[in-house]
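Following: one structure in structure tokens, then a few remarks.
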Number of protein chains: 2
Amino acid sequence: MDTPSGVPTGAPTGAPARDEPLWRDALGERLRCARRERGEKLSETAGRAGISPQYLSEMERGVKEPSSEMIAAVAGALDLSLAELTLAVAERLLSTQITACVGASARAAYALAA
Amino acid sequence: MDTPSGVPTGAPTGAPARDEPLWRDALGERLRCARRERGEKLSETAGRAGISPQYLSEMERGVKEPSSEMIAAVAGALDLSLAELTLAVAERLLSTQITACVGASARAAYALAA
DNA sequence: AAGCCTGTTCAGCCGTGGGCGAAACGTATG
DNA sequence: CATACGTTTCGCCCACGGCTGAACAGGCTT
């Protein structure tokens with residue numbers, strides 16, 4: 001995967017750049033949250049998902065871009081459907097958006113949550 | 001990206017496989033829907049997003065797994081935040097989940113929507 | 001019939017990165 | 001010091017992301 005040369009800083013449209021995380025960051029954060037809620041270790045969830053713990057760690061930290069099959073596998077291991085997972089991601093994104101109007105406070109809130 | 005050998009047909013967990021589309025399919029469908037709601041052509045949206053129309057077509061059809069930056073670029077071109085986009089995807093997935101209890105009817109409903 | 005135009009999909013390609021296993025790191029305990 | 005455990009980092013191979021050019025399908029005009 002390549003970062004499009006016209007996109008590194010945001011949408012190349014006339015619209016102002018939206019200050020929100022990338023999909024992989026938002027997704028990973030939610031996955032880690034779900035895993036911790038269950039009191040599980042990387043190795044447990046990853047084992048059930050059929051992937052390596054190392055890779056799950058990278059997914060959770062938004063370091064790697066997981067395939068759709070990987071997302072489904074990890075969601076399944078956490079007893080979540082894709083619908084439930086994406087809804088949880090969306091809700092989290094929306095909650096950080098509300099505070100985004102405050103600017104610097106949004107960044108602080110996001111940093112604290114990470 | 002590799003398909004994990006233990007995952008091709010669904011979660012390798014003890015949980016029953018959930019009958020729902022993959023992320024890239026659900027996302028692509030929503031992107032195409034948004035573009036069509038705006039009455040735009042592939043070339044228009046793709047141009048604003050800074051990507052090729054051919055690739056946007058592939059994204060919309062779930063043929064390729066777009067990077068998070070690509071998702072952000074296309075969302076921006078459609079005047080959507082990632083939050084709005086993932087929420088729309090989630091809502092759609094949830095609505096098809098409700099009918100999933102009917103089994104074959106869910107598949108028919110999904111095929112018609114595609 | 002032909003030609004032209006438009007919108008979309010298909011095919012081929014190259015460089016990048018997904019997902020892995022091994023190693024390293026950080027923390028806790030004796 | 002040692003050991004154990006959970007997590008992160010590193011190095012690697014090859015599948016695929018994103019591209020360009022070609023092909024396809026539909027509509028319109030002469």
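Throughout, protein chains are lettered first and strands after them, A, B, ... in sequence-line order, and every chain is numbered starting at 1.
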Atom-pair distance ([atom1] on [X]; [atom2] on [N]), nearest Å:
X	N	atom1	atom2	answer
Glu69(B)	dG18(D)	CD	C1'	13 Å
Met70(A)	dG17(D)	CE	P	13 Å
Leu42(B)	dT9(C)	CG	P	6 Å
Arg24(B)	dG18(D)	CZ	C1'	15 Å
Glu60(A)	dG6(D)	CD	C1'	12 Å

Would you call Arg30(A) and Glu37(A) a salt bridge, taking side-chain N to carboxylate O under 4.0 Å as the test?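 The answer is yes: the pair qualifies as a salt bridge.
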Ion pair present between Glu65(A) and Arg24(A), side-chain N to carboxylate O less than 4.0 angstrom?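 Salt bridge between Glu65(A) and Arg24(A), a charged N being under 4.0 Å from a carboxylate O: yes.
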Over all strands shown, is Arg36(A) touching base, sugar-phosphate only, or nothing at heavy-atom distances under 4.0 angstrom?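 Touches nothing.
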Using OP1 and OP2 only, check whether a side-chain N or O of [X] sits under 4.0 Å from [N].
X	N	result
Arg35(B)	dG7(C)	no
Arg32(B)	dT9(C)	yes
Ser67(A)	dG19(C)	yes

Straight-line distance of [X] [atom1] to [Y] [atom2], nearest 0.5 Å:
X	Y	atom1	atom2	answer
Leu42(B)	Gln54(B)	CG	CD	9.0 Å
Arg38(B)	Asp79(B)	CZ	CG	4.5 Å
Lys64(B)	Ser68(A)	NZ	OG	13.5 Å

Which pairs, protein N/O on one side and nucleotides 9-14 of chain D N/O on the other, fall under 3.5 Å?
unit_1: dT9(D); atom_1: OP2; unit_2: Arg61(A); atom_2: NH1; d: 2.8

Given axes from five pairs at either end, by how many degrees does the helix from dA1(C)-dT30(D) to dG30(C)-dC1(D) bend, rounded to 10°?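 Axis angle across the helix from dA1(C)-dT30(D) to dG30(C)-dC1(D), nearest 10°: 20°.
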